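Below you'll find the structure, written out as structure tokens, and then a few comments.
Order of the sequence lines fixes the chain letters, A, B, ..., with proteins taken first and strands second; residue numbering starts at 1 for each chain. Being a predicted model, the structure only gives us computed values, none of them experimental.
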Amino acid sequence: MNTHSRGFVLSFATFSLALFLFLFTQAQYTHLLQLQIDAGDVSLQTNPGALMRDLAMDLNTLTGYTISIDENQDTAIFSFSGRTPSVLSLRDNLLRYQSDAAQLGSDLNVHTFLDLNQSFNDGNFWGQTNHGLRWRLDYDYNTLRIEPTNSNFYPQKIDINVFSEIAYDSLTVITGSCCISDTHFFEYSINYTDTNNDHAYSTSGLFPAHSSISLTLQMTTITDDVNTQTGTRRIQIGNIEGTGSALPMGATISSFQAVSTLQFSIAFTLPNDSNGTKAGYDINTSLRGNDFNVDTNTIWTTFNA
Amino acid sequence: MRGFVIAVDALVSLAVLFVIITLAFDAASSADTSLRQENALRVFAEHAALTLEQSQLLARSVILNNTTSIRTYINGWPLSICGSVTVFPSPDVNTPTFIVTKSGCTLNSAQTEIVRHSFMVPSPPDVNMYVMEVSTWPGSP
């Protein structure tokens, strides 16, 4: 009797331990499965972020322009380079990309909508930095205009380099001078070259930051022997509105009735802060999916900040 | 007699116990390993897709109709990771423009992680969209 009782006690203890381990393992396994499900959910929730980054990289190629930011603690150099007129049909490509992006989103279970109404309604493709600099690309007049959003924010330097594939027939330099005493100045420099080595033109100096001063280089090119078509290109720097002293200092580059392509790069040196500087295009974008709604007015195409 | 009763009882119990312990640890560790592996493969595929797009390798390969640089890139992946890169013209994702698979790898569909990205290829005045599919699965280290 004693022997049987001892054997029973041992086996009961062993089975109790086994049962405990079994139940513990079941619980642990269920927990791990839940972790796996959570990992899947996280993956789904990261889809909008991955998609937004994908859209940003696509936009860089789609526009044909290169936007970059080179920053340090105190300053950020915002550079915009490309060609005007662009070799790409920006408006048509944007429209096509609208449906491409929707398709791309649906592959990731993300409802994606790019609202291009603003871009199409006013004929400009807008962009900005997160530190008060805006630019607009005019589809029809092949004009890029970059300027701060208010007169209290001014660049430390504006640097423009332009190359024309066709030499000009005449160059006009127009200086709008209406200076006021000012405590703030910014540096500027313009370098122009074309296929005629004698046409290289460089100018640089200081502008008061709150005046209506401007500098315009206007190049006229006659395209054929009978002078029936004239193309005009213009580089303007300073107060590009031309009136008043409270307007921001910016730059434009345009090629009306273009007879050839201008290759340009414009660099604005701006004050920076601890938040960093980033730049992107203004496109109202909505991403919808399980457990997330993302709405943004700007697709940031630089990833510095 | 007394020892015999204990031995049979205990042996059977211990055997059951060991079986349960083994099954338990196997189940727990396999779930954990599988989770880590899936995550690692997915993250690797995501990074590879970003690299391929940002470096313009894919766009150049489509323009030049030459996949040598992509093959060189994926052959440089770690031995423990196999994979392939497939490019489709959007929106037709049924007819690949090209498929490049890492040398020495055979598709393991049971453990494959797939990441899709779009990328643009300029063809003035148009810009055409393509979709790349980066697939990764465990290789033999």
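Contact of D38(A) with chain B is not made at all, since no heavy-atom distance falls under 4.5 Å. Heavy atoms of N93(A) lying under 4.5 Å from chain B belong exclusively to its side chain. Heavy-atom distances place the side chain of S90(B), and not its backbone, under 4.5 Å from chain A. Only the side chain of N39(B) has a heavy atom closer than 4.5 Å to any heavy atom of chain A.
Residues L88(A) and P124(B) approach most closely at CD2-CA, 4.0 Å, considering heavy atoms. Scanning all heavy atoms of the two residues, the minimum distance from D58(A) to M120(B) falls at O-CG, 3.5 Å.
Applying the disulfide (SG to SG under 2.5 Å) test to residues at least two apart or on different chains, the pairs with a partner in residues 88-140 of chain B are C82(B)-C105(B).
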Show me the side-chain donor-acceptor pairs of residues 127-135 of chain B shorter than 3.5 Å, one per line, residues at least two apart or across chains.
{"residue": "E133(B)", "atom": "OE1", "partner": "R116(B)", "partner atom": "NE", "Å": "2.9"}
{"residue": "E133(B)", "atom": "OE1", "partner": "R116(B)", "partner atom": "NH2", "Å": "2.9"}

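Shown here is N65(B), whose CG atom has no more than 12 heavy atoms of other residues, nucleotides or ligands within 6.0 Å.
Heavy-atom pairs under 4.5 Å with chain B peak, among D54(A), L59(A), L51(A), at D54(A). Between chain A and the residues Q56(B), E46(B), E53(B), the largest count of heavy-atom pairs under 4.5 Å involves E53(B).
Here L50(B) contributes atom CG and R53(A) contributes atom CZ; the two are 5.5 Å apart, rounded to the nearest 0.5 Å.
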